[in-house]
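Heavy atoms only: backbone and side chains are in, while hydrogens, waters and symmetry mates are out. Counting convention: from 1, in listed order, for ligands and their atoms alike.
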Amino acid sequence: MPPKPSTVAAEPYGFDLKPAECALLIIDMQRDFLEPGGFGEMLGNDVSQLRRTIEPNRKLLAAWRAAGLLVMHTREGHRPDLSDLPPAKKIRGRGKTTIGDTGPMGRILVRGEAGHDIIPELYPAPGEPVIDKPGKGAFHATDLHAILQHRGITQLVVTGVTTEVCVNTTVREANDRGYDCLVPEDCVGSYFPEFQDMGLRMIKAQGGIFGWVTTSSEILKAIGG
Ligand code: TIU
């Protein structure tokens, strides 16, 4: 039996968690974004800002699995022939090394390459759906919505990286499709502390315009972790 429904302390107000209808959606915890020596660090980013989310995510994931609830993972990346890579995304940033080029952990953001894979600490278990997404939002050009609907999911706990880019875009997409989204702040990370702060404030502003913000310990209390 899934844990009983309860109210999770959150901002801007309590989140009425219905575990049987709630999926844990872990966004883009990929080696190229998080590991020293990966693409993120190559661009000059401080990966420690993202790595602090690994341990809280690991605990939340373990509790979610132990409760028998739905876990889903996403990975940002493209087909090896880059046919799903918009030319605008390929050239954005005017970098010397861009998506599809050879980076420190294989071809950058290309499916099947080492850097594209999920970090070992949070590796998907057999049976946990993995969504390969070409965009920042997890609903764009994927079957995420269909899978959630088939499982009767109405709520999402959204974690992962980065707070202001793929997490925020996904929460907004989910909100427009009728899902209630709860974001544990210690389980999401940004390379930029000010974007971490603002990314979370944007979600919970105006009475929870896109969703709710809490901490992983509050969610663990509700699911018995
Ligand atoms: N997953 C995700 O957020 N992809 C990004 O490109 N994030 C940046 O912050 N650049």
Side-chain angles (χ1 to χ4, degrees), residues 24-54 56-57 61 72-79 82 84-101 103-111 113-119 121-124 130-142 144 156-175 181 183-203 210-211 213:
L24 174 62
L25 182 62
I26 306 178
I27 304 290
D28 299 357
M29 292 294 276
Q30 292 162 255
R31 297 185 62 198
D32 251 337
F33 293 128
L34 285 124
E35 292 197 347
F39 180 51
E41 192 175 72
M42 195 183 95
L43 294 176
N45 294 306
D46 174 9
V47 294
S48 69
Q49 296 288 341
L50 305 193
R51 294 192 65 77
R52 61 163 187 79
T53 69
I54 296 173
N57 263 294
L61 175 59
M72 295 187 68
H73 308 258
T74 71
R75 299 184 293 207
E76 180 177 353
H78 297 274
R79 297 168 184 255
L82 305 184
D84 61 350
L85 175 62
K89 187 176 179 185
K90 169 73 177 162
I91 62 172
R92 186 72 51 79
R94 298 178 173 172
K96 245 179 70 189
T97 310
T98 62
I99 296 169
D101 295 341
M105 293 189 204
R107 293 178 67 204
I108 292 161
L109 295 191
V110 169
R111 295 174 193 159
E113 300 289 332
H116 172 264
D117 209 355
I118 293 175
I119 58 170
E121 296 91 331
L122 302 176
Y123 210 74
V130 178
I131 300 290
D132 276 320
K133 63 187 189 58
K136 303 305 181 194
F139 288 85
H140 170 67
T142 72
L144 173 60
L156 297 173
V157 169
V158 185
T159 75
V161 299
T162 65
T163 308
E164 78 279 16
V165 182
C166 293
V167 171
N168 233 277
T169 306
T170 298
V171 167
R172 290 168 190 234
E173 287 182 329
N175 184 61
C181 294
V183 179
E185 60 187 18
D186 52 329
C187 293
V188 296
S190 168
Y191 296 121
F192 309 100
E194 67 273 32
F195 292 166
Q196 171 77 1
D197 179 41
M198 282 299 171
L200 292 166
R201 284 169 63 184
M202 283 179 190
I203 290 167
F210 300 127
V213 175

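- Scanning the protein heavy atoms around atom 10 (N) of ligand 1, the nearest turns out to be V165 CG2, 4.5 Å.
- Ranking the protein heavy atoms by distance from atom 4 (N) of ligand 1 puts E76 OE1, 2.9 Å first.
- Distances below 4.0 Å separate heavy atoms of V161 from the following atoms of ligand 1: 1 (N), 2 (C), 3 (O).
- Looking at every heavy atom in both residues, V188 comes nearest to Q196 through O-NE2, 3.1 Å.
- Scanning all protein heavy atoms for the shortest distance to atom 2 (C) of ligand 1 gives C166 SG, 2.6 Å.
- Near D28, meaning under 4.0 Å from any of its heavy atoms, are these atoms of ligand 1: 1 (N), 2 (C).
- Scanning all heavy atoms of the two residues, the minimum distance from T170 to A138 falls at OG1-N, 3.0 Å.
- Atom 6 (O) of ligand 1 has its closest protein heavy atom at K136 NZ, 3.0 Å.
- R79 CZ: 12 or fewer foreign heavy atoms inside a 6.0 Å radius.
- Using a 4.5 Å heavy-atom threshold, the side chains of C166 and K133 count as touching.
- Protein heavy atom at the shortest distance from atom 7 (N) of ligand 1 is T162 OG1, 3.5 Å.
- Note that CD1 of I99 and CD of E76 are 6.5 Å apart. Values are rounded to the nearest 0.5 Å.
- Just one of I27, D28, T142 meets the side-chain contact (heavy atoms from CB on, under 4.5 Å) condition when paired with I131; it is T142.
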